[in-house]
Structure formats: C-alpha cells, structure tokens
Amino acid sequence: MQAINDFILAAAGQPWVLFLVLACCIIDGFFPPIPSESVVVGLSAVAATADVPNPWLLMLVAALGAFSGDNIAYLIGRRVGTRRWGWMRGPRMQSAFRWAGRELRKRPASLILVARFVPIGRVAVNLTAGVTHYPHLRFVGLTVLSASLWAGYSVGIGLFFGQWFEDNHLLGAAIAIVCAVALGVVVDLVINRVRRRAPMMERMKEPEA
C-alpha cells in the first residue's frame, strides 16, 4: 500500500499529469466512457495534503478541458448528427438525445448548466444543441459557466475528502471519487424524476373539453 501511495504522489507531482487532465476532460465532453471526474477528483484529493498538483492550476486546466470538450461535442452534433457511430445508436443514448431535444426547447440555459454534472447527460445535450442549431455564441457563454462550476465542484470534493486521509492518498482519492459519482447519480435521478413529472403537470394544466 505504501508503494502505491508513493507512486500516486510521484505521478501527481509530474508536469505531464495536467496534460492528462486536459486530455481526459476534452474527450469526456463527447465520449462518455472517459472518466474525467475520476481523474480530477482523485488528483485534487492528493493535492489536499501533498500540495501537488496545485489545486488552482488543476481547476483551471479541468475547466478549460471541459469547456473545450463541450464545444467540440456541439460542433460534432452540428456536422454529423446523433446516429453516426454505434455508441450513439444505443437505446439509452437515443432516449437521452430525444429528451435533450425537448428540454432544449423549453429551458436551454438550466439544462446546459446541469447536464455538465451528468456524464451521459452532458454528451447528449452538447450533441443535441449542435444538431438543433442552438445559437453557438450563447452555448459558448453557458459552457464557460458550466465548465467553471463543474471544475470547482470536482476539485472541491477532492480537497474536502483528501484532507481526511493525509497518510493514505489512495483511500482519500477513492472515497472522493465515490462521493463525486454518487452526487452525479443523484443529479441524474432528480433530472429523470422532473422529466417524468413534466408531461403529467402539462396534462393537468390542459383545460377539460
């Protein structure tokens, strides 16, 4: 265990680790299997006690990567649509695309901000925004805000939990990642519940014939 902790600490202090964070955050914007939250939260948990990497620099790089990935996804959606590749055509992704299309017409700003915290949700929303030609300049402004909030949230969780485990960086990073994933699941559940209730509320508002 000590050898693993020493390796994590040594890797966290290397300059290339920030390039890894940037790459993961960019790719995660349009390809959900890449776990950017795990990388950012895990490294910030190490930074809580080891002071490497610098938390502010980590937050800046994560925000830049998230912003870039979201806007690349927007451009992909605008150019190729939402059925070009196999992972897009799965039932869960197609359901997410349909939902994103409906919600973008109703509440685009809140949807783009919240979706950044849900891995599959953000990919669906970003691609759908491009497909539906949501105004790009407005999308850029919203993703500046959403990427900054997401980066601050991810680093904050890592710092909060990492400081409890000064002698075990691996355990601190693991607990922080689990908490970050759990919060993402909660957000996803809340969104799904709101999505199911919305049609019911609309039907209740319709005047009786």
Which heavy atom in [X] sits nearest to a heavy atom in [Y], and how many Å separate them?
{"X": "Leu159", "Y": "Ser44", "answer": "CD2-O, 3.4 Å"}
{"X": "Ala48", "Y": "Gly158", "answer": "CB-O, 4.3 Å"}
{"X": "Arg116", "Y": "Ala66", "answer": "NH1-CB, 3.5 Å"}
{"X": "Val123", "Y": "Gly29", "answer": "CG2-O, 3.7 Å"}

Can you check side-chain contact (heavy atoms from CB on, under 4.5 Å) on Leu149 and Tyr153, steps first, answer last? CA-CA 6 Å; Leu149 292 173; Tyr153 148 85; over 6 Å; no

State, with a plain yes or no, whether a side-chain heavy atom of [X] is found less than 4.5 Å away from one of [Y].
{"X": "Trp56", "Y": "Leu60", "value": "no"}
{"X": "Val61", "Y": "Phe19", "value": "no"}
{"X": "Trp150", "Y": "Cys25", "value": "yes"}

Under 3.5 Å donor-acceptor, Tyr134 side chain and Pro108 backbone: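 Between the backbone of Pro108 and the side chain of Tyr134 there is no qualifying donor-acceptor contact (under 3.5 Å).
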
Let me confirm one number: the [atom1]-[atom2] distance from [X] to [Y], rounded to the nearest 0.5 Å.
{"X": "Thr128", "Y": "Leu111", "atom1": "OG1", "atom2": "CG", "answer": "9.0 Å"}
{"X": "Asn71", "Y": "Ile26", "atom1": "CG", "atom2": "CD1", "answer": "11.0 Å"}
{"X": "Phe30", "Y": "Asp70", "atom1": "CZ", "atom2": "CG", "answer": "10.5 Å"}
{"X": "Asn126", "Y": "Ile76", "atom1": "CG", "atom2": "CD1", "answer": "10.0 Å"}
{"X": "Ser148", "Y": "Leu64", "atom1": "OG", "atom2": "CG", "answer": "10.0 Å"}
{"X": "Ser146", "Y": "Leu113", "atom1": "OG", "atom2": "CG", "answer": "6.0 Å"}

Taking salt bridge (charged side-chain N to carboxylate O under 4.0 Å, His left out) as the test, write out the residues that go with Arg122, two or more places apart.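 Scan of Arg122 (salt bridge (charged side-chain N to carboxylate O under 4.0 Å, His left out), adjacent residues dropped) gives Asp28, Glu37.
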
For Cys24, the option from Leu20, Val21, Ile27 that meets side chain to side chain contact (heavy atoms under 4.5 Å, CB included):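 With Cys24 as partner, Leu20, Val21, Ile27 yield a single side chain to side chain contact (heavy atoms under 4.5 Å, CB included), made by Leu20.
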
Do Leu137 and Ile72 share a hydrophobic cluster (ILVMFWY, side-chain heavy atoms under 4.5 Å, transitive)?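 No, Leu137 and Ile72 fall in different hydrophobic clusters.
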
Would a hydrophobic clustering, with Ile, Leu, Val, Met, Phe, Trp and Tyr connected at side-chain separations under 4.5 Å, put Leu75 with Val125?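 Same cluster.
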
Under 4.5 Å side-chain heavy-atom separation, chaining through any Ile, Leu, Val, Met, Phe, Trp or Tyr, what else clusters with Phe67? Say none if it is isolated.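 Noted: Phe67 shares its cluster with Val140, Val144.
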
Return the orientation label for the His136 and Tyr74 ring planes: parallel under 30°, perpendicular over 60°, tilted otherwise.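 Answer is parallel, since the angle falls under 30°.
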
